[in-house]
Student: 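So that we are looking at the same thing, I have put the structure below in structure tokens.
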Amino acid sequence: MRTSRSRASRAPEARDGAAAGPGRAPEVLVLLCSVAAALTTVAQPVVLGRTLDLLLRDGDAAPWLALSAALLLGELLLDSLTALFTGRCNATWTAHVRARALTGLLGAVPDSARPFPPGDVGTRLTLNATDAGGAPAARAALAASLVTPLGALVALALVDPWVAACVCAGLPALALVLRTFARDTGASVAAYQRTQSRIASALLEALEGTATIGAAGTGERERARILAPLAELAAQGRHMWALHGRALARSGVLVPLLTLVATGVAGLRLAAGDLSVGELLAAGRYAQLPAGGGGPAPRVGAFVGGRAPRDRTRELERLPALAHGTRRLPPAGSGELELRGVRVVRDGREVLRADHLRVPGGSTVAVVGRGGAGKSVLAAVAGRLIDPDEGQVLLDGVRLDRLTREALRTEVAFAFERPVLGEGTVADAVASGARRASPDEVARAACAAGADAFVRRLPHGYDTPLPEAPLSGGEHQRLGLARAFAQAGRLLVLDDATSSLDTATEHEVNLALRRSVRPGTRLVIAHRPSVAARADLVIWLEAGGVRALGTHHELWRTPDYRAVFGTVPADGTDLADGTDPAAGVGPVRLPEPRPEAEEARS
């Protein structure tokens with residue numbers, strides 16, 4: 001099956017819930033309140049002008065005064081409601097954007113998420129999601145902000161067409177200022193956020209390697225590396241403020257100029273007797289409203305500034321996920337694994353090829369090879385964490401890509417070198433998986449993984465919260481093994497899952513795999529000859545291909561195979577006795593040190 005086929009379709013479970021979104025209700029509430037507030041703003045000048053004319057003529061101005069007060073209070077109330085609904089809209093959409101991005105990330109094919117460093121992912125899920133979540137409310141506010149200038153122009157045209165014509169003559173210049181501001185702001189925000197992500201990624205890398213940095217004494221160099229992009233970030237920040245400043249400065253010149261011209265024309269019309277004093281007041285106020293180019297600028301900036309973060313979070317949403325089928329495994333099956341014509345390509349390079357590779361059901365198979373030989377790729381393909389670019393993988397005669405997600409994950413379990421235990425208690429960490437393990441299953445799995453003894457010494461045993469459990473690297477790995485054992489089905493894949501265990505514990509775990517864990521096929525990534533020696537079969541990988549399939553004792557006769565474990569002298573000569581140290585038949589013979597090496601050490 002081609003990987004592109006699985007990447008073309010999003011798994012249904014990744015779409016459900018998060019895809020629906022909060023709907024348009026929060027945004028509509030912001031829009032309605034903003035429009036209502038804008039209409040009250042537009043109505044106020046004509047009401048005030050009418051009130052002033054009545055007062056000057058000794059007319060009955062009481063109703064108009066009451067209406068003016070009502071409009072003022074209504075505007076204050078509507079502005080308060082707008083602020084309230086804007087906060088709710090921002091919070092709702094931010095949560096939605098963050099949930100979609102996180103769902104896409106967690107449901108993605110593992111290889112597809114590797115181009116995103118942890119710091120970059122953290123920035124996208126926090127700062128970028130917050131900025132993107134503010135875009136819908138900003139869009140509603142921007143749409144409502146157009147009501148004020150358009151309504152003011154209509155009202156001004158009704159009061160005096162000549163004054164309206166003066167204002168209209170200057171609006172194209174204001175529109176050009178806003179257009180330039182919107183275009184430049186989008187590019188500036190995107191560059192700023194990319195630099196933020198670089199700093200966050202470098203910081204997380206340093207935090208993960210604090211012990212190495214301290215031991216090497218490279219703290220100052222790491223500090224300089226992390227802070228190196230700060231100058232670029234500062235320049236980009238200054239550029240964004242400069243864009244805002246230019247937009248406000250240009251509008252700050254145009255707005256008073258247009259208002260001055262419109263007020264002058266209105267004054268001339270008053271002197272000619274074509275306008276009343278109240279109409280002059282209304283005309284002056286209406287001239288300021290459509291010319292207020294500084295009003296839409298912040299809303300334009302908020303809306304445009306939310307597009308680049310939204311694009312960044314969408315990259316996580318759209319990560320390719322595995323598509324699942326509708327079939328289940330046959331009731332009777334021992335976990336026979338078969339790879340037919342499998343080929344995996346990364347960056348134009350073939351990293352795995354396996355054809356007609358069959359693993360008998362119920363057997364323990366070690367996968368050995370030098371670094372980069374394709375061991376982890378084979379493990380990922382065998383358990384369908386990824387799909388091959390070509391070929392098929394079958395479990396008990398059924399293609400893995402045709403299984404339902406539930407059938408796949410309840411019958412195929414993984415244990416990794418660095419397991420993620422999640423939150424909750426120790427028991428929760430072991431019991432979590434495609435199905436919830438019972439307390440008895442948790443205890444048996446912990447015993448099989450050699451974890452029961454240290455878990456019982458914790459303050460609350462299996463009920464100890466993980467943050468309160470001081471775990472060493474080996475203990476952390478044993479809990480990961482226990483979870484895999486509790487979930488073990490027809491296929492259990494151990495991807496370097498015993499690397500932090502001491503030899504005695506590793507031996508106990510291997511015995512438990514045969515005696516205490518649910519019977520099935522075991523695929524073990526092996527770096528030690530002792531692990532390969534206890535396996536029923538060994539898959540020997542070299543340069544991404546399967547060089548040989550056989551028992552450890554058969555393959556041990558080959559010098560290249562022994563070289564995988566570092567048991568062949570550097571000069572390429574064979575061992576004298578040909579014995580297998582892993583099986584305890586004979587001693588390991590190390591190469592004699594060369595004279596030049598001894599001289600260099602002295």
Side-chain angles (χ1 to χ4, degrees), residues 16-45 47 67-103 124-155 178 181-182 185-186 189 193 240 244 247-248 251 285 288-290 292-314 317:
D16 294 343
R24 295 296 182 189
E27 185 178 352
V28 169
L29 287 174
V30 174
L31 179 63
L32 291 177
C33 290
S34 300
V35 168
L39 291 176
T40 59
T41 301
V42 172
Q44 284 180 18
V47 173
L67 181 58
S68 297
L71 288 174
L72 180 60
L73 292 175
E75 184 180 11
L76 292 175
L77 177 61
L78 289 169
D79 286 342
S80 300
L81 289 174
T82 300
L84 174 63
F85 291 137
T86 297
R88 289 186 176 180
C89 182
N90 290 346
T92 302
W93 274 100
T94 298
H96 169 65
V97 169
R98 191 169 288 146
R100 282 182 62 98
L102 189 60
T103 299
R124 292 172 191 254
L125 292 176
T126 53
L127 297 176
N128 295 164
T130 301
D131 292 338
R139 179 172 54 209
L142 179 60
S145 70
L146 300 178
V147 174
T148 300
L150 292 177
L153 280 176
V154 172
L178 290 176
F181 173 67
T185 297
V189 168
Q193 290 171 346
M240 285 197 298
H244 280 267
L248 293 175
S251 62
R285 178 57 180 157
Q288 294 176 358
L289 292 179
R299 297 180 178 90
V300 171
F303 174 62
V304 174
R307 288 192 301 183
R310 188 70 185 101
D311 291 339
R312 287 174 57 79
T313 58
R314 280 201 178 105
E317 291 177 28

Student: State which residues pass side-chain contact (heavy atoms from CB on, under 4.5 Å) with Val147; sequence neighbours excluded, sorted by chain then number.
Tutor: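 Val147 satisfies side-chain contact (heavy atoms from CB on, under 4.5 Å) with Val35, Ala38, Leu39 once adjacent residues are dropped.
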Student: How many angstroms lie between atom OG1 of Thr94 and atom CG of Leu125, to the nearest 0.5 angstrom?
Tutor: 12.0 Å
Student: Please give me the minimum heavy-atom distance between Pro309 and Asp131, naming the atom from each residue.
Tutor: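 Residues Pro309 and Asp131, closest heavy atoms: CG-CB, 3.5 Å.
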Student: Who passes salt bridge (Lys or Arg N to Asp or Glu O under 4.0 Å) against Asp79, sequence neighbours left out?
Tutor: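 Not a single residue meets the salt bridge (Lys or Arg N to Asp or Glu O under 4.0 Å) criterion with Asp79.
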Student: Not counting sequence neighbours, which residues clear side-chain hydrogen bond (donor to acceptor under 3.5 Å, both in side chains) with Ser34? List them please.
Tutor: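 If we apply the side-chain hydrogen bond (donor to acceptor under 3.5 Å, both in side chains) test to Ser34, skipping adjacent residues, there are no hits.
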Student: What is the distance from atom CG of Asn128 to atom CG of Asp311, rounded to the nearest 0.5 Å?
Tutor: 10.5 Å
Student: Which heavy atom in Ser68 sits nearest to a heavy atom in Val47, and how many Å separate them?
Tutor: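 Smallest heavy-atom distance, with atoms named: OG-CG1, 3.1 Å.
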Student: How would you list, by chain and number, every residue that makes a salt bridge (Lys or Arg N to Asp or Glu O under 4.0 Å) with Arg88, sequence neighbours excluded?
Tutor: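 Testing Arg88 for salt bridge (Lys or Arg N to Asp or Glu O under 4.0 Å), a comparison that skips the adjacent residues, returns none.
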Student: Just grab all the salt bridge (charged side-chain N to carboxylate O under 4.0 Å, His left out) pairs involving residues 68-78, residues at least two apart or on different chains.
Tutor: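 Passing the test, one end in residues 68-78: no pairs.
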Student: Kindly write out the residues that satisfy side-chain hydrogen bond (donor to acceptor under 3.5 Å, both in side chains) with Thr130, not counting sequence neighbours, or none if the list is empty.
Tutor: Arg98
Student: Determine the minimum heavy-atom distance between Ala132 and Val97, stating which atoms define it.
Tutor: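 Looking at all heavy atoms of both residues, the closest pair is CB-CG1, 4.2 Å.
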Student: Using the salt bridge (Lys or Arg N to Asp or Glu O under 4.0 Å) criterion, which residues pair with Arg124? Sequence neighbours excluded.
Tutor: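 Expected list: Asp120, Glu315.
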Student: Just verifying a value: how many Å separate Leu72 CG and Leu77 CG, rounded to the nearest 0.5 Å?
Tutor: 11.5 Å
Student: Identify the heavy atoms of Thr313 and Ala101 that sit nearest to each other, and give their distance.
Tutor: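 Looking at all heavy atoms of both residues, the closest pair is O-CB, 3.9 Å.
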Student: Can you give the donor-acceptor pairs under 3.5 Å from side chains of residues 80-87 to other protein atoms, not counting sequence neighbours?
Tutor:
residue: Ser80; atom: OG; partner: Leu76; partner atom: O; Å: 3.0
residue: Thr82; atom: OG1; partner: Leu78; partner atom: O; Å: 2.7
residue: Thr86; atom: OG1; partner: Thr82; partner atom: O; Å: 2.6

Student: Could you give all pairs that pass the salt bridge (charged side-chain N to carboxylate O under 4.0 Å, His left out) test and reach residues 26-43, with sequence neighbours left out?
Tutor: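 Counting only pairs at least two positions apart or across chains, the salt bridge (charged side-chain N to carboxylate O under 4.0 Å, His left out) contacts touching residues 26-43 are Arg24-Glu27, Glu27-Arg139.
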